[in-house]
Amino acid sequence: MSVTYLEAIREAQAKLLRDDKRVFIYGQDVGGTFGGAFKATKGLAKEFPGRVLNTPISEDAMVGTAIGAALEGMRPIVEMQFADFSSIALNQILNNAGTHYWRTNISVPITIRLPSGGTKGSGPFHSQSMESLYAHYPGLIVMTPATVEDAYTMLIDAVAIDDPVIYCEHKYLYYHLKADDLPSEGMPIGQARIARAGRDLTIVSYSAMLQESLIAAEEIAKEGLEIEVVDLRTVKPLDTGTVLASVARTGRLLVVGESFPWGGATAEVIARVTTEGFHLLDAAPARINAKDTPIPYHPNLWSTHRPNSKVIAAKARKLLRE
Amino acid sequence: MSVTYLEAIREAQAKLLRDDKRVFIYGQDVGGTFGGAFKATKGLAKEFPGRVLNTPISEDAMVGTAIGAALEGMRPIVEMQFADFSSIALNQILNNAGTHYWRTNISVPITIRLPSGGTKGSGPFHSQSMESLYAHYPGLIVMTPATVEDAYTMLIDAVAIDDPVIYCEHKYLYYHLKADDLPSEGMPIGQARIARAGRDLTIVSYSAMLQESLIAAEEIAKEGLEIEVVDLRTVKPLDTGTVLASVARTGRLLVVGESFPWGGATAEVIARVTTEGFHLLDAAPARINAKDTPIPYHPNLWSTHRPNSKVIAAKARKLLRE
Amino acid sequence: MLQTARPKKEKAPTEAPVHEKYLEAFRWMLLARTFEEKLASMYRGGRITGGVYVGKGQEAVSVACGISLQKGDVFAPLIRDQAGRSAFGEPLVDVARTYIGTRTGPMRGRDGNIHRGKPREGQLAMISHLGAMVSVLVGSLMAKRGRGEKNFIGLTTIGEGGMQTGASHEGLNIAAVEHVPLVVVATNNHYAYSTPNDREFACDNLVDRARGYGFEGYELDGTDLAQCLDIIGKAVKRARAGRPPQLVVASILRLAGHGEHDDFSYVPKEIYGEPFACDCLQRTEQFIKEHELVDPATLKGWREDAARQVDEAFAIAQKEPLPSGEEEDWCAISTRNLADNAEAAD
Amino acid sequence: MLQTARPKKEKAPTEAPVHEKYLEAFRWMLLARTFEEKLASMYRGGRITGGVYVGKGQEAVSVACGISLQKGDVFAPLIRDQAGRSAFGEPLVDVARTYIGTRTGPMRGRDGNIHRGKPREGQLAMISHLGAMVSVLVGSLMAKRGRGEKNFIGLTTIGEGGMQTGASHEGLNIAAVEHVPLVVVATNNHYAYSTPNDREFACDNLVDRARGYGFEGYELDGTDLAQCLDIIGKAVKRARAGRPPQLVVASILRLAGHGEHDDFSYVPKEIYGEPFACDCLQRTEQFIKEHELVDPATLKGWREDAARQVDEAFAIAQKEPLPSGEEEDWCAISTRNLADNAEAAD
Ligand SMILES: Cc1ncc(C[n+]2csc(CCOP(=O)(O)OP(=O)(O)O)c2C)c(N)n1
Ligand SMILES: Cc1ncc(C[n+]2csc(CCOP(=O)(O)OP(=O)(O)O)c2C)c(N)n1
Ligand SMILES: [Mg+2]
Ligand SMILES: [Mg+2]
């Protein structure tokens with residue numbers, strides 16, 4: 001048997017609906033016989049009547065409704081059709097969900113699923129990686145699973161957590177990534193994972209870029225150099241400890257993300273390592289992001305806009321020579 | 001004669017309306033006899049009939065309307081009543097204004113004024129610094145003037161620029177900051193300024209935190225150490241060159257911002273200096289931000305949440321000892 | 001500026017028997033007015049940090065909201081709802097605590113003034129962004145229905161300005177789609193801050209929006225307590241009975257500044273001659289006197305009682321501890337082991 | 001799922017003389033249909049990257065929009081507007097270029113499919129976020145009025161799904177406040193992607209929204225080209241004459257998937273029996289035949305001409321250069337000296 005990243009997300013939701021009657025799914029086209037633009041909720045409306053609900057095209061109200069339901073003890077999962085449309089709900093997410101616990105002492109256990117990241121031909125409005133916007137503001141947990149196993153267990157964890165969780169699932173991984181089966185338990189949330197052990201350079205990454213980083217690392221292994229690859233798993237909280245420990249071993253740091261270059265996750269990792277572990281570094285750290293333009297439609301452009309294993313390997317080689 | 005930061009903003013708008021018939025001001029309560037929640041447009045509706053227009057409470061539509069007018073050759077200035085409410089317009093700003101030039105080859109010359117930052121008793125929804133959200137996405141210029149002179153000339157520049165500009169004006173500086181008179185010319189946009197020369201440590205800052213940094217530098221000067229203070233002026237584009245040159249002189253870096261700690265301007269500055277000027281640093285860089293919670297209402301809390309000259313001086317002393 | 005004032009209507013004579021809650025409602029109105037007068041005077045004396053927002057002129061509408069609700073209902077009030085909040089059970093001392101920012105108040109000094117609530121007691125805590133609370137309330141009602149609760153409703157208030165936000169539109173529409181037992185009381189007080197109606201919307205009558213959402217819509221004269229109690233009370237009953245969401249649009253004039261910092265000099269003198277500009281509290285008191293619903297001594301007693309309650313609330317709150325930056329728990333999430341620490345270096 | 005289908009009305013017999021643009025409109029419809037059929041087949045053959053979104057069933061409404069406009073007007077089309085875009089002057093080759101992503105197209109491979117336009121020619125380029133273009137159009141109209149242009153109008157289309165977004169609400173309201181010469185053509189094609197009307201809105205009739213905004217509102221049967229031309233044409237005239245913004249609500253059924261990837265199996269069979277499910281193109285052709293407006297040979301010629309135009313468009317586009325990542329200008333702003341460079345290190 002084999003299960004994809006997308007199936008893992010569906011299975012996690014099926015399990016959540018089965019095990020916890022507080023859970024419901026709210027989003028555009030998630031219900032009926034359709035099961036979502038990506039089929040992440042396929043069959044669930046039938047299996048769990050009245051608990052997988054189609055909504056109007058109203059991202060602000062979808063999240064607002066989820067917040068209200070969460071305050072009354074429910075555990076809503078909101079599916080955005082694409083991460084990019086969560087811009088419409090940003091105010092509810094940042095200013096309502098994100099502030100509620102601190103203001104009132106009452107937490108808001110909602111999970112917002114963001115189908116994120118670039119895929120071929122998707123263009124400026126169906127390709128965005130928005131983790132850095134959400135992580136910048138207080139009050140939210142931002143998950144960025146990079147493996148089938150994490151996609152599964154982290155979504156289950158997300159719903160269990162009493163605070164709002166932004167769950168960034170990468171559309172590129174939906175079908176590209178397969179596992180043999182689903183784990184019954186995952187690593188604790190908040191801990192980064194050594195996805196590949198090494199000694200010569202640390203690459204820190206997450207989501208789809210983890211996979212590109214691993215390919216780059218294998219490539220370079222052929223050249224006799226061993227790259228350690230750290231999977232952040234959650235960009236907020238960011239597990240500085242694991243990253244620092246890795247850099248302590250390797251002395252070199254490359255951070256790779258798919259979102260836009262200014263600020264964001266890669267800048268944050270570099271800021272933490274250099275402020276807290278400056279003397280661990282034997283060379284200047286480096287980072288790779290997408291380009292500072294909208295995400296292009298045509299694959300010729302997109303493949304340059306998006307970081308990939310080749311670019312990562314090239315930068316890694318350069319760093320390894322320094 | 002003396003002119004405040006707020007008066008400079010008003011004067012810049014008066015000049016713009018006088019000199020350029022393409023300019024109009026669009027925002028809640030900017031018109032009539034009222035002239036805006038902070039009086040930044042006081043008297044302008046009367047002086048320039050039909051060009052300073054009150055809008056419904058519709059931030060998304062305010063910005064959308066401005067985009068459309070800009071496409072037809074106008075130079076709209078949108079006033080958000082508080083930066084915090086621009087979350088409602090974020091989609092229009094990021095996804096419409098920010099992508100338009102790259103997609104269609106036609107630029108969108110709008111200026112969005114964001115009354116930003118904390119003031120006493122303003123609480124979670126009237127105190128935010130949102131520069132890092134806007135700078136993260138492509139297609140926007142993000143200004144953060146820290147002086148009366150810059151408030152004036154940069155707003156004039158903002159309207160002249162063919163691209164969308166997010167102009168973050170700091171409410172704390174509105175009345176606190178005074179100058180003798182208004183300059184006829186300012187520094188070019190995109191260049192940071194050495195606000196204070198020094199040799200022992202570089203503090204990079206912008207907006208209200210520049211003023212706190214300068215106070216801290218004066219404080220420490222009494223102890224015989226000279227801090228160089230760099231005013232970024234625009235956080236995007238970020239003038240890496242000026243920052244690196246300063247760090248080359250001092251060997252030490254502290255970055256201070258008022259927005260939330262994860263990601264954002266301070267992380268970006270540190271990432272640039274450490275990736276591009278690692279060997280210039282004699283010690284680990286450091287940063288100071290607001291706390292990772294909503295901005296509190298009560299002054300006792302707010303004064304701890306917000307970085308200030310004392311905290312900056314303490315951190316600077318620590319860095320200077322390293 | 002007056003062009004959007006509704007064509008003058010004859011004031012409908014209140015023929016119906018006095019509403020059973022008329023006097024109770026009046027006392028809440030009196031309490032709110034007394035409280036807010038004190039608050040405003042403290043503000044002028046520099047004793048309140050931040051803004052002070054009062055509901056002067058809006059007490060009849062607001063009290064009718066709060067008083068029509070019962071335990072188990074959910075109330076999402078907005079800026080000018082002191083009367084309704086009190087009537088629904090918010091202790092005055094919590095208001096004082098929030099304005100002063102004590103550690104003991106529901107917001108513990110973290111948030112202030114009108115941004116307060118106790119969600120566990122059915123009092124949602126508004127955020128500033130207008131319209132955002134409508135959908136939150138819808139979600140609460142869905143959850144209550146989902147777990148089999150019966151006989152509850154939700155009520156939220158909004159200004160005519162707030163109705164122009166996208167959030168309020170999405171919230172109203174989703175309420176109708178979910179068919180939740182909701183009452184939305186929109187008060188057209190003719191201004192959003194300094195902006196008069198003609199720059200806010202262009203329809204003849206905001207109640208016409210009801211139909212476009214599949215709501216049932218009603219209008220009322222917000223200066224007339226009897227009408228407020230009657231029409232809002234009936235809307236609440238209809239929602240409770242399972243009818244579609246209800247929109248009630250009240251017309252009044254905001255009789256104070258947007259906040260106490262605002263001298264509202266932009267309001268032209270002539271508007272005070274409009275029927276909607278009448279002070280609901282005075283009108284109610286006059287009605288009580290004219291119809292001798294209580295004797296003057298009782299009225300005087302009520303007034304004194306209100307003053308006493310207000311003084312007590314502030315006296316208690318002022319003695320309570322203020323928050324402190326050093327002792328504060330700077331953690332925005334409840335799952336403490338998942339707190340992020342960007343500046344661990346210190 | 002059918003519960004929101006309107007009560008069946010007798011189809012109003014088209015008594016009026018044939019609209020002067022009836023045949024011209026039919027030819028645009030035919031062209032759009034032919035083009036989109038080709039596009040869909042290319043998609044199935046794996047020759048189009050990304051999505052393909054067609055307007056099958058919606059051509060009558062769309063063409064009536066495009067054909068009612070004149071030079072100087074501004075058109076903000078949406079997903080299903082090939083017919084209208086063509087009628088307003090968009091060269092077919094630009095559509096082919098955009099779908100193929102050539103460097104020569106208006107979007108130069110940077111954006112694709114329906115996300116295209118030439119703002120300088122009055123064709124706004126939609127972003128995906130539904131409702132966002134309404135206020136953009138309002139701004140364009142204000143600017144044109146501001147610099148003294150006369151006799152122009154703006155027209156935008158939206159789906160019944162898109163009408164539930166906050167952006168569309170704010171845009172419609174601000175249009176009425178600014179009293180711009182705007183026509184909004186909303187097509188209720190009974191689905192937003194897979195979601196049927198009953199989970200989109202709960203009002204009886206979306207045209208009732210018009211009144212709540214201060215718009216004038218009209219309904220039409222979107223399968224009837226004559227009605228589309230008549231009612232949309234009149235709305236355009238009224239807007240041009242300075243009347244308030246116009247809302248036209250058309251009823252049809254989307255006769256294809258949301259995009260070509262979508263088999264629309266969620267649409268229940270029975271709905272195809274509804275009058276609004278009729279294919280406007282077939283209906284128009286039948287009318288032409290029945291009334292012998294042109295002879296069969298001419299009809300055949302038009303069909304061939306459409307096929308030829310489509311083939312030509314693709315033939316040209318396919319020969320043109322594609323963009324290249326290396327040669328691309330990766331700069332999102334026009335003020336090149338202000339470009340930020342986060343990763344100068346390389
Ligand atoms: C989305 C949003 N934009 C702007 C504001 C700032 N603001 C606070 S109250 C107000 C006026 C509200 O007018 P209305 O809704 O009519 O209520 P009223 O004050 O008249 O009771 C404005 C513009 C806000 N709170 N939310
Ligand atoms: C704000 C927003 N949310 C979600 C989407 C994704 N989306 C694209 S088209 C569509 C359905 C649109 O339905 P409708 O407005 O009725 O137009 P139709 O496709 O039926 O012509 C959805 C949900 C979007 N484009 N914008
Ligand atoms: Mg009002
Ligand atoms: Mg539709």
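- Looking only at heavy-atom pairs under 4.5 Å with chain D, the residue among C/Gly214, C/Ala202, C/Gly131, C/Pro245 that has the most is C/Ala202.
- Side-chain contact check for C/His169 versus D/Leu172: every heavy-atom pair is 4.5 Å or farther apart.
- Between C/Glu200 and D/Val177, every side-chain heavy-atom pair lies at or beyond the 4.5 Å cut-off.
- In this structure, C/Arg211 contributes its side chain and D/Asp208 its backbone to no donor-acceptor pair below 3.5 Å.
- Rounded to the nearest 0.5 angstrom, D/Asp198 CG and C/His179 NE2 are separated by 13.5 Å.
- Under the 4.5 Å side-chain criterion, counting only non-hydrogen atoms from C-beta, D/Thr165 is in contact with C/Glu170.
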